[in-house]
Amino acid sequence: MDQRTAKQYFSTELLNWYMQNKRDLPWRRHRNPYYIWVSEIMLQQTRVETVKPYFERFITRFPALTDLAEAPEEDVLKLWEGLGYYSRARNLQAAAKQVLELHGGEVPSEKDAVFNLKGVGPYTAGAILSIAFNQPEPAVDGNVMRVLSRYFLIEDDIMKGSTRVKMETLAAELIPQGRAGDFNQALMELGALVCTPKSPHCLTCPVMEMCKGRIEGREDTLPVKKKAKPPRPEQRIAALVTGTSTNEGKILVRQRPQTGLLARMWELPHVLASVPGGLASQVPDEPAMDMMKGHLLEEGYAVNPKEFWKIAEHTFSHIHWNLQVYHCEQAEHIVSPAMVAERNESYKTEGDVYKWIGPEDMETMAFPNVFLKLIKEHFVL
DNA sequence: AAGTCGGGGGT
DNA sequence: ACCCCAGACTT
């Protein structure tokens with residue numbers, strides 16, 4: 001009979017399994033704290049397979065922390081294009097500058113210093129400290145909470161902060177002496193490959209014999225998690241404005257404000273068209289087209305709506321966009337000097353900057369995916 | 001504690 | 001359609 005406790009068994013068997021089954025991932029090829037840090041930021045709420053190409057391009061362009069710290073923010077955002085949660089990119093660069101000024105360019109290995117880096121929370125701090133410096137700190141993410149909730153049959157709601165703290169205490173107790181980095185990665189690897197959210201592969205699990213959740217037949221009902229609120233629907237009218245005369249071959253885009261949703265990203269002009277709970281309008285929607293035309297005129301751009309192009313849908317965590325996209329054409333009009341002055345003033349305060357761009361500009365300007373797809377289709381890129 | 005912040009893959 | 005993902009930050 002196995003004399004080991006459930007915790008001893010778990011730690012030993014899981015670590016042995018990991019050493020035999022760990023994946024060859026780009027950020028596991030070196031033990032460069034900067035690489036590990038970048039990978040952990042990218043991996044927040046993002047799958048491994050999605051991150052791989054982004055990570056490769058990022059460290060090719062910014063091989064060292066100094067390269068990232070000194071780069072134009074536009075370059076950083078462009079490399080993050082399509083990855084989502086763009087404040088991660090801004091915070092990462094800000095933190096790189098922090099490291100340059102406060103720690104001589106070396107990623108700190110002291111707990112408080114790591115925690116104080118922008119964009120580094122409880123999980124990422126633990127990941128950096130354990131994986132890069134092998135310090136015995138827990139790194140509790142969604143994978144870890146799922147694995148622990150099943151193995152130890154913990155029924156606390158994992159959405160609660162108090163549950164994460166409880167899991168961190170437990171995870172810290174499980175770390176084998178001197179093996180923090182490997183063990184923490186083993187926990188996440190098990191969650192990603194075996195102890196999956198749906199249909200966990202218990203038959204091939206290295207710790208199935210003493211898994212309380214499996215023994216009680218609860219593996220499909222754990223972890224306990226309160227359901228998230230559904231995203232609120234928003235109907236929006238977008239314009240793909242093609243330029244005339246000096247703007248022939250170009251389209252009109254604008255840059256979003258410095259804060260909030262998709263901060264500082266470029267986009268096609270669009271306006272909110274519906275009241276919450278209102279019915280989706282049919283296309284072509286003449287009043288909506290007039291609203292779009294009026295909106296752009298206020299911004300100083302006269303356009304003639306042509307025809308409905310297509311519907312584009314995009315879901316954020318908390319908002320669902322239904323975009324009616326219309327083809328428009330730049331129109332001649334006279335702008336008074338007063339209007340130009342007023343507009344320039346509003347640029348400073350609101351941050352909405354409009355610009356005519358061609359296909360070549362797509363190489364430097366960062367767009368959220370919903371607009372990226374539309375514009376690439378228009379330019380046939 | 002609840003809301004904000006992307007995007008895609010798996011089922 | 002819904003769920004979830006190597007979460008952090010703001011209010």
Side-chain angles (χ1 to χ4, degrees), chain A residues 22-23 25-28 36-55 77 80-92 94-95 114-132 137-147 157-165 167-168 171 181 183-193 195-200 220 223 225-232 256-257 259-265 267 312-321 366-373:
Chain A
K22 69 185 216 180
R23 290 171 289 180
L25 302 176
W27 44 91
R28 285 181 180 164
I36 290 167
W37 177 18
V38 170
S39 73
E40 290 301 340
I41 299 298
M42 287 187 170
L43 285 162
Q44 289 170 8
Q45 299 291 285
T46 312
R47 287 185 161 71
V48 166
E49 290 308 313
T50 305
V51 166
K52 279 181 180 176
Y54 283 90
F55 177 80
L77 206 53
W80 214 271
E81 180 182 71
L83 197 53
Y85 287 128
Y86 299 98
S87 65
R88 291 185 295 175
R90 258 205 319 270
N91 288 338
L92 178 58
V114 174
F115 224 101
N116 281 329
L117 296 174
K118 272 197 172 181
V120 175
Y123 163 74
T124 307
I128 293 171
L129 290 165
S130 62
I131 300 172
E137 295 289 335
V140 174
D141 69 342
N143 283 313
V144 174
M145 289 205 277
R146 184 172 58 256
V147 170
D157 181 355
I158 63 170
M159 293 299 284
K160 296 171 69 174
S162 57
T163 304
R164 197 206 73 235
V165 172
M167 296 277 190
E168 283 171 348
F183 179 74
N184 283 348
Q185 293 182 82
L187 266 173
M188 295 186 278
E189 198 86 335
L190 189 74
L193 301 179
C195 198
T196 47
K198 291 174 183 171
S199 316
D220 289 324
K225 187 178 184 181
K226 194 174 64 182
K227 257 188 276 190
K229 268 177 56 178
R232 67 173 183 272
R256 296 180 60 87
T259 58
L261 186 67
L262 301 169
R264 289 185 219 181
M265 303 279 288
E267 65 180 4
E313 305 248 11
H314 191 70
T315 307
F316 304 92
S317 303
H318 56 304
I319 309 172
H320 177 82
W321 277 357
F367 291 82
N369 262 6
V370 58
F371 296 111
L372 193 62
K373 287 176 186 168

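Model, not experiment: these values are computed from the prediction.
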### Query
Nearest nucleotide by nearest heavy atom, which residue falls closer to the 5' end of DNA chain C, A:R146 or A:Q44?
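Going by which nucleotide is closer to the 5' end, it is A:R146.
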### Query
Does A:V140 or A:P197 map to a spot on DNA chain C nearer the 5' end, using the closest nucleotide for each?
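Checking each residue's closest nucleotide, the 5'-ward one belongs to A:P197.
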Compare every heavy atom of [Y] with every heavy atom of [X], then report the nearest pair and how far apart it is.
| X | Y | result |
| --- | --- | --- |
| A:F367 | A:M265 | C-CE, 3.4 Å |
| A:P200 | A:D220 | CD-OD1, 3.6 Å |
| A:T163 | A:I158 | CG2-CA, 3.9 Å |
| A:E267 | A:R256 | OE1-NH1, 2.9 Å |
| A:G126 | A:A139 | C-CB, 3.8 Å |

### Task
For this output row, return yes or no: ring centroids of A:F55 and A:W27 closer than 6.0 angstrom.
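Yes, they do, as the ring centres are separated by less than 6.0 Å.
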### Query
When the ring centroid of A:W80 is compared with that of A:Y85, is the distance short of 6.0 Å?
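Ring centroids of A:W80 and A:Y85 are no less than 6.0 Å from each other.
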Please work out if [X] contacts a base, only the sugar-phosphate, or nothing of the nucleic acid, heavy-atom cut-off 4.0 Å.
| X | answer |
| --- | --- |
| A:V370 | nothing |
| A:L262 | sugar-phosphate |
| A:G260 | sugar-phosphate |
| A:L25 | base |
| A:R264 | nothing |
| A:P368 | sugar-phosphate |

Within this structure, what is the [atom1]-to-[atom2] distance between [X] and [N], rounded to whole angstrom?
| X | N | atom1 | atom2 | answer |
| --- | --- | --- | --- | --- |
| A:Q45 | B:dT4 | CD | C1' | 12 Å |
| A:I319 | B:dG3 | CD1 | C1' | 11 Å |
| A:Y54 | B:dG6 | OH | P | 13 Å |
| A:L193 | B:dG10 | CG | P | 13 Å |
| A:Y86 | B:dC5 | OH | P | 14 Å |
| A:K198 | B:dG10 | NZ | P | 12 Å |
| A:M159 | B:dG3 | CE | P | 11 Å |
| A:N91 | B:dT4 | CG | C1' | 13 Å |

Taking only the [atom1] atom of each, what is the distance from [N] to [M] in whole angstrom?
| N | M | atom1 | result |
| --- | --- | --- | --- |
| B:dG8 | C:dA8 | P | 22 Å |
| B:dG10 | C:dA6 | P | 12 Å |
| B:dC5 | C:dC4 | P | 22 Å |

### Task
Look at the side chain of A:S317 against the base of B:dG3 and say whether a donor-acceptor pair falls under 3.5 Å; ignore hydrogens and angles.
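No.
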### Query
Any side-chain N or O of A:H318 under 4.0 Å from OP1/OP2 of B:dC5?
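The answer is yes; a side-chain N or O of A:H318 sits under 4.0 Å from OP1 or OP2.
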### A:H314 vs B:dG7: side-chain N/O to OP1/OP2 distance below 4.0 Å
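A:H314 to B:dG7 OP1/OP2: side-chain N or O found under 4.0 Å.
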#### Entry: Comparing A:T50 and A:T259 on DNA chain B - which has the more 5′ nearest nucleotide
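By nearest-heavy-atom nucleotide position, the 5'-most residue is A:T259.
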### Query
Mapping A:S199 and A:S87 to their closest nucleotides on DNA chain B, which lands nearer the 5' end?
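Upstream on the strand: A:S87.
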### Query
Under 3.5 Å, is there a donor-acceptor pair between the side chain of A:T46 and the main chain of A:Q44?
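At least one qualifying donor-acceptor pair exists.
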### Query
Is it the case that A:N91 and A:R88 place a side-chain donor and acceptor less than 3.5 Å from each other?
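A:N91 vs A:R88: no donor-acceptor pair found between side chains.
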#### Entry: Complementary nucleotide of C:dA8, counting Watson-Crick and G-U pairs under 3.5 Å
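By the stated definition (distances under 3.5 Å), B:dT4 pairs with C:dA8.
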### Query
Where does the chain A footprint on DNA chain C start and end, counting 5' to 3' with a 4.0 Å heavy-atom cut-off?
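Here the contact window of chain A covers C:dC3 to C:dC9.
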